[in-house]
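Remember, it's a predicted structure, so these values are computed and weren't measured experimentally. Values reported hereafter were calculated over all heavy atoms of this structure, with side chains retained and with hydrogens, waters and symmetry mates removed.
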Amino acid sequence: MALGGLGLMLLVNACTLLLFPEPAAAQGAAKYSREKNQAPEDEANRAIEFRIAKLNQVWEKAQRLQFSPVKLAELHSDLKIQEKDELNWKKLKADGLDEDGEKEARLRRNFNVILTKYRLDGRKDTEPMDTNYLKESMDSENDVFDDPKLEKLWNKATTSGKFSDDEVRKLRREFQHHQDKIQEYHILRETVSRNEDIYQNVISPSEAHVKEDLLHTKHAELKDKHRNVQASFERLRKLIHHGYDEDSDFSEPRVLELWDMAKRSNFTDDELDSIKEELKHFETKIEKHQHYQEQLDLSHQKLKHVETIGDKEHLSRNKEKYAMLTEKTKELGYKVKKHMQDLLARLSKGGLNHNEL
């Protein structure tokens, strides 16, 4: 009977443990359950930078790759413009105003240009990312261009001794601008090639007529892009040979290009005077943006130094300044690029056979 009572007691205890677990175990289970349930909420509460998922994915990837603050700010400006264009396109599509899909194709191409420009297209993920805006502007040994002709011309420029440090920085921006054009041209060429493949598979005669018109338009745009790339390279070649003109009205490469565009158009003298005045304001805006870029980079370096010291008050002040400079650089970057877009669009209608550069 004693053994039977002991066995019964053990059985009751076992059942009790199963039905009412130990407090620690219960707490552990509750904690696991709570964390599991809260994970989606935490994920949802995370700040979303862009309203379009693929743009957020690009932004998060750039942060994982530890882009420099200046490069992140530049990417942010490009993505903001892409976001605005895509949201506008969605409204147009809802109203049936993009039946041929031309605007959608342009958006895809612009997005691919951004991926290629920042090497986020998966082709060069293993390459080290640049981390210092000022050094990459000054150090010619680290300046590598994908196009062999452009790289050869750059080496000639940096070894000629003809350009001051400020002019080298300015020239570097102009070379980068030209390389962006080359990348956009290659992407457009791939788009045309894909459309040709689609056209060959068309069976319906009525559909073939529509495809042929679209293909003709894209070929015309491709030729225009190619002429633009050639003209841009020729300008760089002459610039390397003659140097910068001290009597020029402008010094910023993008403004010089816009001014050349305006002078080649059919604008009247009064219209050119008005354009020149606007370009002066635009150049001032660019210079202000570049100033904030430099301040942001210096602030980033100082913040990293302060973090090693451990002074909380000093660290807090530097973090606030760094955050302010980051937002200001993003804001100015967006305004500069949007203004550039608007100027290009307006100048291209002044008698020029140009699409977007």
Would you call [X]-[Y] a salt bridge at under 4.0 Å N-O?
{"X": "D166", "Y": "K170", "result": "no"}
{"X": "R227", "Y": "D224", "result": "yes"}
{"X": "K330", "Y": "E327", "result": "yes"}
{"X": "E74", "Y": "K337", "result": "yes"}
{"X": "K80", "Y": "E331", "result": "no"}
{"X": "K225", "Y": "E184", "result": "yes"}
{"X": "D85", "Y": "R106", "result": "no"}
{"X": "R237", "Y": "E234", "result": "yes"}
{"X": "R235", "Y": "E257", "result": "no"}

Crowding at [atom1], [X] (>12 non-hydrogen neighbours, <6.0 Å):
{"X": "R317", "atom1": "CZ", "answer": "yes"}
{"X": "K103", "atom1": "NZ", "answer": "no"}
{"X": "D273", "atom1": "CG", "answer": "yes"}
{"X": "K93", "atom1": "NZ", "answer": "no"}

Side chains of [Y] and [X]: any donor to acceptor distance under 3.5 Å?
{"X": "H178", "Y": "Q183", "answer": "no"}
{"X": "Q301", "Y": "D297", "answer": "yes"}
{"X": "Q176", "Y": "D180", "answer": "yes"}

Under the rule for ring pair (Phe, Tyr, Trp, His ring centres under 6.0 Å), what residues qualify as partners of F250, not counting sequence neighbours?
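Testing F250 for ring pair (Phe, Tyr, Trp, His ring centres under 6.0 Å), a comparison that skips the adjacent residues, returns W259.
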Excluding sequence neighbours, so at least two apart, what forms ring pair (Phe, Tyr, Trp, His ring centres under 6.0 Å) with F175?
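Ring pair (Phe, Tyr, Trp, His ring centres under 6.0 Å) check on F175 returns F145, W154.
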So that I know where these two stand, are F67 and H76 an aromatic pair - ring centroids less than 6.0 Å apart?
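Ring centroids of F67 and H76 are no less than 6.0 Å from each other.
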Cluster question for you: counting only ILVMFWY and a side-chain heavy-atom cut-off of under 4.5 Å, with indirect links fine, are [X] and [Y] together?
{"X": "Y118", "Y": "F111", "result": "yes"}
{"X": "Y334", "Y": "L55", "result": "no"}
{"X": "V113", "Y": "I81", "result": "no"}
{"X": "L72", "Y": "I52", "result": "yes"}

Consider salt bridge (charged side-chain N to carboxylate O under 4.0 Å, His left out). Of K91, K54, R51, which one does E86 pass it with?
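Going through K91, K54, R51 one by one, the salt bridge (charged side-chain N to carboxylate O under 4.0 Å, His left out) with E86 is satisfied by K54 alone.
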Residues which pass salt bridge (Lys or Arg N to Asp or Glu O under 4.0 Å) with E252, listed by chain and number, not counting sequence neighbours:
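Applying salt bridge (Lys or Arg N to Asp or Glu O under 4.0 Å) to E252 gives R173, R254.
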Judged by atom type as modelled, is there a donor-acceptor pair below 3.5 Å linking the side chain of Q82 to the main-chain atoms of L107?
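A pair under 3.5 Å: yes.
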For the residue pair W59 and F50, categorise the inter-ring angle as parallel (less than 30°), tilted (30 to 60°) or perpendicular (more than 60°).
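Because their plane-to-plane angle is over 60°, the rings of W59 and F50 count as perpendicular.
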Taking atom CG of L332 and atom NZ of K285, what is their separation to the nearest 0.5 Å?
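Nearest 0.5 Å value for the CG-NZ distance: 8.5 Å.
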